[in-house]
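Worksheet: one structure, shown below.
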Amino acid sequence: MSASTYTGNDGFWKPSSTTSARNKTDSNAPVFNFSSAPLAQQRLLLPIHKHKRQILYSVENFGVVVIVGETACGKSTQIPHYLMSNGWCDNGFQIVCTQPRRIAAQTLAARVTKEVGRTLGTTVGYTVRFDNKTSENTKIIYVTDGILLREATLTDPLLSRYSVVMVDEAHERNLNTDALLGLLKKIRRKRQDLRIIVCSATIDAQAFLDFFNAAETTLNIGTIISVDGRQHAVDVLYLDKPTSNYLRSTVETALSICKLSSKNPKGVNGEGDILCFLPSGEDVDEAIRMAQEVVDSQDPTLANHLVFLPLYSKLPFNMQARVFQIDERDKHKTKRRIIFSTNIAETSVTVPRITHVIDSGLVKLPYFDPKTDFERLIVVPSSQASAKQRAGRAGRLQAGQCYRLYTENFFLKLEKATPPEILRTNLSSFILTLKALGVDNILGFDVMDLPGVDSLSHGLESLYALGAIDDDTNLTVLGMDMSSFPTEPRVSRMLLESLREECSVEVAGVCAALQVRSLFLTPRGGSSAGRQQQQLDYESAISEFADSSGDHVTYANVISHQDDRRMDREECSERFLDYVAIRRISEVRDQLLRFLKKFGRIRSLGMATVDEKRKVILKCLTSGFFFNVAKLHNDGKYYTIRGTNHILVSPSSSSIFHTHGSHAEYIIFCETHDGSRGGMELKNVSAIDPRWLRELAPHYWN
DNA sequence: GAGCACTGC
């Protein structure tokens with residue numbers, strides 16, 4: 001098929017003048033059959049193998065080595081292995097490799113364990129939150145970057161166990177990775193023996209090297225090594241004219257790819273599946289409705305050969321799983337799958353069998369506004385790096401194609417990379433971590449991108465209001481205690497307050513619930529009659545737990561019910577409760593209580609009355625979230641009361657406060673979203689007594 | 001008539 005023959009609804013497809021999304025690699029590159037070759041042979045076939053000597057030489061002679069390795073070049077598995085075989089684990093030293101995601105740390109450790117020929121957790125292991133598979137003798141440890149950062153904060157500021165720290169996927173520029181890079185730069189001033197390897201998929205290598213070079217003496221300058229990937233070529237096609245409706249264009253492009261294939265003698269069997277990138281879960285659902293409607297009405301024959309699947313993180317687990325299971329009954333591939341996905345498929349998960357990618361060119365990103373203290377999700381054009389990553393998803397199986405729903409000129413004007421998280425986020429947590437690491441002057445801490453003054457001072461002001469730092473921005477005892485919790489500062493403050501109110505078990509449960517996705521299974525889908533009944537059933541089930549103050553005490557009620565009754569999966573679903581979420585909440589709560597135990601006696605409210613229980617839980621909540629208060633005005637609506645800019649806010653109709661609460665004069669909330677009709681929508685809302693504000697946050701509310 | 005990227009400790 002020739003893609004340039006397709007006429008889009010709003011424009012024409014034309015092949016890119018720069019042809020391929022892939023760098024350097026040859027389109028006739030051999031396809032390795034990894035499933036049948038013995039392990040040792042597989043390792044020798046990896047592109048990284050050619051660079052083994054160069055890598056070992058560089059690590060020996062340079063303090064910092066930047067490796068530019070494309071997807072599947074073998075860097076994450078092989079480099080630690082090479083280093084171990086060459087003495088970098090002698091004298092009790094260990095090699096640590098950081099990953100942004102848990103699943104990556106776990107699977108990499110498992111893969112390298114197989115190569116080394118031991119069981120997981122002996123020579124090779126991993127540590128992620130709630131899961132530690134290492135032993136005293138472990139030489140190579142895969143961890144999430146957050147774990148290594150906390151290890152430095154809590155126990156070992158110089159990371160003295162490690163001879164080499166390898167920071168993988170550094171180009172993603174997560175907050176944790178950035179903090180870690182800054183910390184490693186600082187450690188190298190004291191530990192010249194430490195070796196740092198930074199891995200990145202983009203050509204940004206020089207920026208990483210420059211970052212470290214600024215502090216290094218001439219003795220130890222870093223070096224860059226580039227390793228080719230094992231990807232197939234992906235042809236990139238652009239629109240001739242911009243589209244006016246990306247959703248419709250996505251659906252029409254996907255369907256026309258299928259129509260063209262069905263005229264091809266190879267038919268649909270010759271082609272892999274189609275992956276479409278859209279900015280939101282809502283768009284994903286809408287695209288599927290649209291696509292189903294088009295094929296049902298226009299092309300019923302094609303409809304029999306297609307399956308439309310959604311993929312986004314809020315989707316229930318079993319729905320997500322459908323994307324990764326190739327249906328047994330369909331092993332001869334009579335049906336072609338069209339997967340509509342958010343950014344989750346860009347890096348977090350790999351959808352199998354994709355040969356075509358359709359890229360809307362859009363992404364939804366959070367931006368924190370220090371002036372309003374709200375984080376907002378905004379749809380923005382994705383970056384060139386992101387577009388390249390999306391295109392690459394088509395080239396894992398065989399040569400593929402990527403349709404970009406914008407013009408080539410538009411692509412050339414896009415940002416090179418997505419703005420790093422450090423420039424977009426609330427920095428209070430980041431600053432508290434640095435303070436705990438002994439960084440007194442935050443402005444003097446070296447990061448790849450320095451956040452704006454507004455953003456830094458907002459972070460400092462919040463920490464001051466929480467009592468974590470003093471007038472001279474020095475860490476207080478309370479701040480030091482707060483920094484030890486794996487939670488954001490407001491939640492850490494709330495946990496510590498629970499010791500004083502003697503309700504730690506309940507408050508830790510509420511804090512855990514705030515971090516895990518919704519406890520309740522809200523009804524969705526189905527016919528309108530059935531749906532109405534479901535809604536009624538849902539409301540009556542919730543009523544059993546609902547407290548008139550709102551969401552937080554209701555969570556405490558559910559969790560305490562679970563402690564007493566140990567509801568199983570079935571009973572949970574009858575009561576519209578998410579069993580997996582509740583299990584997760586207990587796990588998080590128990591971890592929080594273990595941290596809390598260092599600072600005081602853990603108590604539970606036991607036989608306290610409903611009123612007493614409500615009061616102490618909400619006071620603890622107020623001690624952390626006093627920034628987020630709104631007052632009922634004469635017009636019957638809530639407005640924030642901080643500063644001079646009073647913003648209209650309305651409790652989400654899905655909140656317990658909305659369904660079961662009273663018209664309290666003052667409310668407190670933990671989360672905001674842009675509302676559909678202006679103003680902000682609130683999640684996790686409770687009624688509070690305004691006197692608590694002066695009592696618990698005097699320097700903020702006086 | 002609800003509902004809103006994705007991680008991580």
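Atoms considered below: every heavy atom in the structure, side chains included; atoms not considered: hydrogens, waters and symmetry mates. Lettering of chains follows the sequences in order, A, B, ..., and the numbering in each one begins at 1.
Closest approach of A:G467 to A:T476, counting heavy atoms only: O-OG1, 2.7 Å.
Look at CG on A:L175: it is 21 Å from P on B:dA5, rounded to the nearest Å. In this structure, A:E681 places its CD atom 9 Å from P of B:dA2, rounding to the nearest Å. Across the protein-nucleic acid pair, A:Y538 atom OH and B:dG1 atom P stand 16 Å apart, rounded to whole Å. Rounded to whole Å, the distance from CG on A:L183 to P on B:dC9 is 17 Å. Distance, A:K314 NZ to B:dT7 P: 10 Å, rounded to whole Å. Here B:dG8 presents its C1' atom at 9 Å from CD1 of A:I147, a figure rounded to the nearest Å. One interatomic measurement links the two molecules: CD1 of A:I422 to P of B:dG8, which rounds to 19 Å at whole-angstrom precision. Put simply, CG on A:L434 is 15 Å from C1' on B:dC9, counting in whole angstrom units.
Toward the 5' end of DNA chain B, the nearer of the two residues A:Q591 and A:G281, judged by each one's closest nucleotide, is A:G281. The nearest heavy atom of DNA chain B to A:E488 and to A:E375 marks one nucleotide each, and the one closer to the 5' end goes with A:E375.
A close approach under 4.0 Å does occur between a side-chain nitrogen or oxygen of A:T144 and OP1 or OP2 of B:dC9. For the OP1/OP2 pair of B:dA2 and a distance below 4.0 Å, the side-chain nitrogens and oxygens of A:S653 include at least one atom meeting the criterion. Remark: A:R102 is in phosphate contact with B:dC9, judged by side-chain N or O atoms under 4.0 Å from OP1 or OP2. Distances shown here put a side-chain N or O of A:T342 below 4.0 Å from the OP1 or OP2 atom of B:dC6.
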Q. Would A:R101 and A:E169 satisfy salt bridge (Lys or Arg N to Asp or Glu O under 4.0 Å), going step by step from the backbone distance to the final call?
A. CA-CA 10 Å; A:R101 284 166 290 276; A:E169 313 286 358; 5.3 Å; no
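Using a 3.5 Å distance cut-off with no hydrogens or angles, the side chains of A:S462 and A:S428 do not pair a donor with an acceptor.
Here the side chain of A:Q389 pairs a donor or acceptor atom with the backbone of A:E346 at under 3.5 angstrom. Distance alone, capped at 3.5 Å, is enough to place a donor-acceptor pair between the A:S543 side chain and the A:E539 backbone.
The residue A:T487 sits close to a base: some heavy atom pair falls under 4.0 Å. Base contact: A:P366 has a heavy atom under 4.0 Å from a base atom. Contacts of A:V379 with the nucleic acid, taken as non-hydrogen atoms under 4.0 Å apart, are absent. Among the protein residues, A:R101 comes within range of the sugar-phosphate backbone only, with heavy atoms under 4.0 Å from sugar or phosphate atoms but none that close to a base. Backbone-only engagement by A:I344 is indicated by non-hydrogen atom pairs under 4.0 Å involving sugar-phosphate atoms exclusively.
With hydrogens and angles ignored, a donor-acceptor pair under 3.5 angstrom links the side chain of A:Q515 to the base of B:dC9.
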